[in-house]
Colleague: 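Below are the structure tokens for one structure; questions will follow.
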Amino acid sequence: MSVHSYCQHVAVNGLPYDRGFSYGEQTKDKIQLNVTYYKQPGKLGPWSSVSRVIQNCYIPGLQRYWPSGWEEMRGVAAGAGVTVEDIVMLNARYDLSHVKFEPVPETPAAEEPKAAEAAEPTEKNPTTEEKAVGEEQRVEVAEECTSAIILAPATRNREVFTAQNWDMSHRLVTEDAIIYLEIHPDPSENIPSMFLVTEAGQLGRSGCNSAGLGLTANSLQSNMDLVPDLSIPIPPSGALRRLFLEQSYYSAGLKCIAQTPRHVAFNIMVSSADDIGMCLEVTPQTIFRSVISSGSEKPYLVHSNHFQTGPFLSQTQIADTYLGGSSWYRGDRLETGLRKQAQKENLTEEDIVSAFQDHAGYPHSLCEHVEAKSSKEENSGPYAGPTSTVCCVVYNLSKRTVRVCKGCPCEGTFQDFKLR
């Protein structure tokens with residue numbers, strides 16, 4: 001077990017490259033640890049294939065759809081002493097782990113940072129074969145997260161919350177590979193400040209901003225998840241999360257999500273202190289929505305790792321390829337923990353934390369613990385080894401505060417932060 005009770009809190013400010021450099025410099029050891037881990041053979045596919053996707057798809061996608069994020073990644077790489085390709089790989093960890101690649105021949109190495117920055121899509125770029133995920137392509141992924149949006153009518157003090165148990169490889173806890181990233185952009189950018197919980201080297205996973213917007217995310221799998229066409233610029237899906245949180249207005253954030261291409265499925269829970277929340281089950285072609293507002297009969301939403309919105313369930317073209325497991329009950333257990341006080345319009349932050357401490361279905365419960373003796377055959381993928389709740393976070397969008405703990409909420413020590 002890690003000797004550190006808390007995750008590192010990293011505060012940065014300034015223009016994208018400058019704040020990225022500061023971030024990389026402050027977390028150099030953690031970033032290098034994560035890069036080394038994910039670049040091991042078998043973690044995210046053959047490096048020759050992964051590198052081509054990064055060079056020909058993700059980097060041009062970042063340059064087109066999120067240029068400030070690209071500059072920030074360049075700064076992180078320089079500060080941490082790794083290549084920019086390594087940082088893009090960390091930010092694309094989710095996407096790369098959801099598809100299978102065929103190995104391609106290695107090409108002579110060029111100077112990596114220069115090659116990365118020069119990458120632009122052209123008609124001559126090789127493309128990968130676009131296939132829907134079939135039985136032979138299906139990948140085993142971690143059941144990442146159970147999330148909730150809770151609107152003011154459900155709470156004692158009429159506050160809006162979004163919260164999450166992040167379930168992932170237990171190594172993130174034992175190796176101290178998670179950080180709390182607080183970002184204060186340069187005033188010239190006109191971007192709100194942000195507080196993010198993420199793996200070291202990534203630019204965001206879940207978070208809130210000083211304009212009262214919040215976001216959490218959940219893993220999904222669909223039969224439309226594709227190895228990307230290398231002739232089409234597509235940024236890593238994490239770009240959608242940060243683009244949303246870089247907006248001051250909810251509608252502008254939703255436009256960023258809708259207009260940014262992606263090649264794998266995922267769920268994002270987006271909410272606003274203005275008492276509105278939305279569950280977006282995003283696939284490469286379609287976004288399925290479930291919406292609540294202050295006038296909704298049930299003023300909260302919960303989600304885990306399988307498709308569940310009404311619009312998705314009413315169609316047959318896109319299929320859920322989740323193979324079954326704890327996702328089928330974690331969301332229900334969370335709702336059970338919230339419902340009684342929510343119906344009384346009396347939920348508090350303490351009640352929310354308590355709901356996330358549920359152990360029904362232990363050890364693969366809402367509050368997930370490491371199996372004492374795993375019966376599963378070990379694999380060499382990115383999520384090999386034990387999994388657990390690596391972080392529990394409650395974002396109070398009304399007060400712009402964050403309550404967060406490293407590890408399981410039943411045993412971790414919570415810290416409180418105020419976003420300026």
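FYI, the numbering just counts along the sequence from 1. For the numbers below, each heavy atom of this structure counts, side chains included, while hydrogens, waters and symmetry mates do not.
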Colleague: Nearest heavy-atom pair of Leu338 and Ala355: which atoms, and what distance?
Modeller: CD2-CB, 3.9 Å
Colleague: Who are the side chain to side chain contact (heavy atoms under 4.5 Å, CB included) partners of Ala154, not counting sequence neighbours?
Modeller: Ile150, Pro299, Ala342, Leu347
Colleague: Testing Asn267, Asn305, Thr162, Asn218 one by one against Ser147 for a side-chain hydrogen bond (donor to acceptor under 3.5 Å, both in side chains), which residue passes?
Modeller: Asn218
Colleague: Within the 3.5 Å criterion, strictly below it, is a donor on Asp351 or Ser354 matched to an acceptor on the partner's side chain?
Modeller: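 Their side chains do not contain a donor-acceptor pair, so the 3.5 Å distance test is not met.
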Colleague: Under a 3.5 Å cutoff, is there a donor and acceptor pairing between the side chains of Gln202 and Asn91?
Modeller: no
Colleague: Rounded to the nearest 0.5 Å, how far apart are CG of Asn209 and OH of Tyr395?
Modeller: 11.5 Å
Colleague: Answer yes if the side chains of Thr146 and Arg330 hold a donor-acceptor pair under 3.5 Å, and no otherwise.
Modeller: yes
Colleague: Is the NZ or CZ atom of Arg171 both under 6.0 Å from the centre of the six-membered ring of Tyr38 and within 45° of that ring's axis?
Modeller: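 Here Arg171 passes the 6.0 Å and 45° test against Tyr38.
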Colleague: Could you measure the distance from the CG atom of Leu90 to the CG atom of Leu44? Nearest 0.5 Å is fine.
Modeller: 9.0 Å
Colleague: With sequence neighbours left out, what residues match Phe312 under ring pair (Phe, Tyr, Trp, His ring centres under 6.0 Å)?
Modeller: Phe288, Phe307
Colleague: Partners of Asp332 by salt bridge (Lys or Arg N to Asp or Glu O under 4.0 Å), sequence neighbours excluded?
Modeller: none
Colleague: To the closest 0.5 Å, what do you measure between CG (Leu254) and CD1 (Ile287)?
Modeller: 9.0 Å
Colleague: Check Val173 against Ser388 and note the closest heavy-atom contact, atom names and distance.
Modeller: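 It is CG2-OG, 4.5 Å.
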Colleague: For the backbone of Tyr65 and the side chain of Gln259, can you confirm whether one donor and one acceptor N or O come within less than 3.5 Å of each other?
Modeller: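 Not confirmed, Gln259 side chain does not pair with Tyr65 backbone.
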Colleague: Going through the distances and angles, do Thr27 and Gln8 end up as a side-chain hydrogen bond (donor to acceptor under 3.5 Å, both in side chains)?
Modeller: CA-CA 8 Å; Thr27 59; Gln8 182 180 356; 5.9 Å; no
Colleague: Output the distance between atom CD (Gln317) and atom CG (Asn223), rounded to the nearest 0.5 Å.
Modeller: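 Interatomic distance, Gln317 CD to Asn223 CG, rounded to 0.5 Å: 8.5 Å.
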Colleague: Do the side chains of Thr387 and Asp167 get nearer than 4.5 Å, heavy atoms only?
Modeller: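 No, their side chains stay 4.5 Å or more apart.
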Colleague: Main chain of Gly79, side chain of Tyr23: is a donor-acceptor contact present, judged purely on distance under 3.5 Å?
Modeller: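 Flag not set: sc Tyr23 to bb Gly79 has no pair under 3.5 Å.
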Colleague: Do Asn56 side-chain atoms and Arg52 backbone N/O form a donor-acceptor pair below 3.5 Å?
Modeller: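 Present.
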Colleague: Please list, chain by chain and in numerical order, all residues satisfying salt bridge (Lys or Arg N to Asp or Glu O under 4.0 Å) with Lys255, sequence neighbours excluded.
Modeller: none
Colleague: May I ask you to check whether over 12 heavy atoms, not counting those of Arg289, lie within 6.0 Å of atom CZ?
Modeller: no
Colleague: Distance alone, cut at 3.5 Å: any donor-acceptor contact between the side chains of Ser237 and Asp95?
Modeller: yes
Colleague: Between Phe195 and Phe417, is the ring centroid distance below 6.0 Å?
Modeller: yes
Colleague: Are the side chain of Thr260 and the backbone of Ile257 linked by a donor-acceptor contact shorter than 3.5 Å?
Modeller: no
Colleague: Using salt bridge (Lys or Arg N to Asp or Glu O under 4.0 Å) as the criterion, list what pairs up with Glu71, not counting sequence neighbours.
Modeller: Arg74
Colleague: Under 3.5 Å, side-chain donor or acceptor atoms of residues 179-192 against the rest of the protein: list the pairs with distances, not counting sequence neighbours.
Modeller:
residue : atom : partner : partner atom : Å
Glu182  : OE1  : His9    : NE2          : 2.8
Glu182  : OE2  : His184  : NE2          : 2.7
His184  : ND1  : Ser193  : OG           : 2.8
His184  : NE2  : Arg420  : NH2          : 3.2
Asp186  : OD2  : Ser188  : N            : 2.9
Asp186  : OD2  : Ser188  : OG           : 2.5
Glu189  : OE1  : Arg19   : NH1          : 3.4
Glu189  : OE1  : Arg19   : NH2          : 3.4
Glu189  : OE2  : Arg19   : NH1          : 2.7
Glu189  : OE2  : Asp186  : N            : 3.0

Colleague: How would you list, by chain and number, every residue that makes a side chain to side chain contact (heavy atoms under 4.5 Å, CB included) with Asp29, sequence neighbours excluded?
Modeller: none
Colleague: Short question: side chain of Asn165, backbone of Cys392 - any donor-acceptor pair under 3.5 Å?
Modeller: no
Colleague: For Asp275, is there any backbone N or O sitting under 3.5 Å from a side-chain donor or acceptor partner on Ser272?
Modeller: no
Colleague: Can Thr216 and Ser206 be counted as having a side-chain donor-acceptor contact under 3.5 angstrom?
Modeller: no
Colleague: Report yes or no: do Glu281 and Thr309 form a side-chain donor-acceptor pair below 3.5 Å?
Modeller: yes
Colleague: The criterion is side chain to side chain donor-acceptor pair (under 3.5 Å); which residues satisfy it with Gln26, sequence neighbours excluded?
Modeller: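 Checked Gln26 against side chain to side chain donor-acceptor pair (under 3.5 Å); matches are Ser22.
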Colleague: Applying side chain to side chain donor-acceptor pair (under 3.5 Å), can you list everything that pairs with Arg93, at least two apart in sequence or on another chain?
Modeller: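 Only Glu144, Glu199, Tyr383 meet the side chain to side chain donor-acceptor pair (under 3.5 Å) criterion with Arg93.
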Colleague: Give, for atom CG of Asp320 and atom OG of Ser222, the distance between the pair rounded to the nearest 0.5 Å.
Modeller: 8.0 Å
Colleague: Answer yes when Arg156 and Glu350 have at least one side-chain N-carboxylate O distance shorter than 4.0 Å, and no when they do not.
Modeller: no
Colleague: Can you sort out the partners of Arg242 under salt bridge (Lys or Arg N to Asp or Glu O under 4.0 Å), two or more places apart, ordered by chain and number?
Modeller: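 Salt bridge (Lys or Arg N to Asp or Glu O under 4.0 Å) list for Arg242, sorted by chain: Glu72, Glu246.
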Colleague: Please walk me through it: do Thr155 and Asn157 pass side-chain hydrogen bond (donor to acceptor under 3.5 Å, both in side chains)?
Modeller: CA-CA 6 Å; Thr155 68; Asn157 297 321; over 6 Å; no
Colleague: Distance alone, cut at 3.5 Å: any donor-acceptor contact between the side chains of His263 and Tyr58?
Modeller: yes
Colleague: Side-chain donor-acceptor pair under 3.5 Å between Ser219 and His98, yes or no?
Modeller: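 Yes, a side-chain donor-acceptor pair sits under 3.5 Å.
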Colleague: Using side chain to side chain donor-acceptor pair (under 3.5 Å) as the criterion, list what pairs up with Glu25, not counting sequence neighbours.
Modeller: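 Listed in chain order: nothing, the list is empty.
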Colleague: If I compare all heavy atoms of Val390 with all of Met168, which pair ends up nearest, and what's the gap?
Modeller: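 Closest pair (atom of Val390, atom of Met168, distance): CG1-O, 3.8 Å.
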Colleague: Looking at Ala148 and Leu334, what are the two nearest heavy atoms and their distance?
Modeller: CB-CD2, 3.8 Å
Colleague: Is Phe266 close to Leu280 at the side-chain level, that is, under 4.5 Å between some pair of heavy atoms?
Modeller: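 Heavy-atom side-chain distance check fails, nothing below 4.5 Å.
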Colleague: Please report the interatomic distance CD(Gln164) to CG(Leu215), rounded to the nearest 0.5 Å.
Modeller: 9.0 Å
Colleague: Tyr322 vs His306 aromatic rings, parallel, tilted or perpendicular, using cut-offs 30° and 60°?
Modeller: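 Plane angle under 30°, so parallel.
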Colleague: Grab the two heavy atoms, one from Arg205 and one from Cys145, that are nearest each other, plus how far apart they are.
Modeller: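 Smallest interatomic distance, heavy atoms only, reads NH2-SG, 3.4 Å.
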Colleague: Any ion pair linking Glu335 and Lys298 (charged N to carboxylate O, less than 4.0 Å)?
Modeller: yes
Colleague: Checking Thr36 now: which residues fulfil side chain to side chain contact (heavy atoms under 4.5 Å, CB included) with it, not counting sequence neighbours?
Modeller: none
Colleague: Counting only heavy atoms not in Gln315, do more than 12 sit closer than 6.0 Å to its CD atom?
Modeller: yes
Colleague: With a 4.0 Å cut-off, would you call Lys39 and Asp86 a salt bridge?
Modeller: yes
Colleague: Over all heavy atoms of both residues, which pair between Ala239 and Trp66 is shortest? Give the atoms and the distance, please.
Modeller: CB-CE3, 3.6 Å
